[in-house]
Amino acid sequence: MPSFPKPKYVDHCERKATHDRKAKAFRDAVWKRDRISDYTPNEVARCQRCRGLVVRGKGGEVDHIKPRSTHPELKYDPSNGRIVCHECNRFYKTHPLEREP
């Protein structure tokens, strides 16, 4: 039976798994940097837009400061991340002219 060479492309599932690991590490690094205290039972931080309190998994999201579409090299860089509440994140995604320059 002949042996066939392995394809040179990366399997879609493997690519997604790699992205998921990098994205989780990015979110974890931003939450670790911006949380209010190490002693709270949940990870609590302030929204970087409205300054309201947010809890991880309950309205707190990590947003990219410089958009991924124009700065793909900063996609997984924690210095390009900030914590925002769901309402602020949704508003600024649907009102791009309101974003900072």
Side-chain angles (χ1 to χ4, degrees):
M1 183 174 218
S3 65
F4 295 100
K6 288 200 173 244
K8 293 185 179 181
Y9 62 89
V10 177
D11 182 24
H12 174 72
C13 293
E14 183 181 327
R15 214 175 34 218
K16 180 168 178 7
T18 301
H19 164 73
D20 290 347
R21 281 192 303 273
K22 289 181 178 180
K24 183 177 182 333
F26 167 74
R27 290 190 305 269
D28 289 345
V30 174
W31 274 98
K32 186 175 183 177
R33 180 192 69 205
D34 292 347
R35 65 184 174 196
I36 291 176
S37 171
D38 291 334
Y39 303 109
T40 56
N42 295 321
E43 294 189 26
V44 179
R46 290 213 174 265
C47 173
Q48 298 297 311
R49 295 197 177 268
C50 69
R51 305 302 297 160
L53 288 176
V54 292
V55 177
R56 185 174 188 172
K58 297 179 182 175
E61 301 174 359
V62 176
D63 180 39
H64 288 87
I65 299 167
K66 295 180 181 176
R68 294 176 301 179
S69 59
T70 57
H71 298 84
E73 70 279 2
L74 298 176
K75 184 176 184 177
Y76 300 118
D77 185 2
S79 66
N80 188 38
R82 63 178 160 200
I83 297 174
V84 294
C85 65
H86 178 72
E87 292 79 18
C88 288
N89 199 19
R90 186 177 52 191
F91 176 80
Y92 287 101
K93 297 285 186 215
T94 57
H95 297 84
L97 295 178
E98 300 292 329
R99 291 185 72 91
E100 296 100 13

Euclidean distance, [Y] [atom2] relative to [X] [atom1], rounded to 0.5 Å:
X     : Y     : atom1 : atom2 : result
His64 : Lys75 : NE2   : NZ    : 7.5 Å
Cys50 : Glu87 : SG    : CD    : 7.5 Å
Arg35 : Ile83 : CZ    : CD1   : 9.5 Å

- Would Ile36 and Val55 show up in the same hydrophobic cluster when neighbours are defined by side-chain heavy atoms closer than 4.5 Å?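 Shared cluster, yes.
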- Message: Is there a continuous path of hydrophobic side-chain contacts, each under 4.5 Å between heavy atoms, that joins Trp31 to Phe26?
- Response: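 Hydrophobic grouping puts Trp31 with Phe26.
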Run the side chain to side chain contact (heavy atoms under 4.5 Å, CB included) test against [X] and tell me which residues pass, sequence neighbours left out.
X     : answer
Lys22 : Thr18, Tyr76
His86 : Glu61, Arg90
Ser79 : Asp77

If every non-hydrogen atom of [X] is compared with every non-hydrogen atom of [Y], which pair is closest and at what distance?
X     : Y     : result
Pro78 : Val30 : O-CG2, 3.8 Å
Lys66 : Leu74 : CD-CD1, 3.8 Å
Asp34 : Arg82 : OD2-CA, 4.2 Å

- Please list, chain by chain and in numerical order, all residues satisfying side-chain hydrogen bond (donor to acceptor under 3.5 Å, both in side chains) with Arg68, sequence neighbours excluded. none
- With sequence neighbours excluded, residues passing side-chain hydrogen bond (donor to acceptor under 3.5 Å, both in side chains) with Asp28: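 For Asp28 the side-chain hydrogen bond (donor to acceptor under 3.5 Å, both in side chains) partners, ignoring immediate neighbours, are Lys24, Arg56.
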- Report yes if the side chains of Leu53 and Arg46 come closer than 4.5 Å at any heavy-atom pair, otherwise no.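 The answer is yes, as the side chains (C-beta and beyond) meet within the 4.5 Å cut-off.
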- Message: For Gln48 and Asp63: C-alpha separation, side-chain torsions, deciding distance, then whether side chain to side chain contact (heavy atoms under 4.5 Å, CB included) applies.
- Response: CA-CA 10 Å; Gln48 298 297 311; Asp63 180 39; over 6 Å; no
- Query: Would you say the side-chain atoms of Arg33 pair up with the backbone N or O of Gly81, donor to acceptor, closer than 3.5 Å?
  - Reply: yes
- Apply ring pair (Phe, Tyr, Trp, His ring centres under 6.0 Å) to His71 and list each qualifying residue two or more places apart in sequence or on a separate chain. none
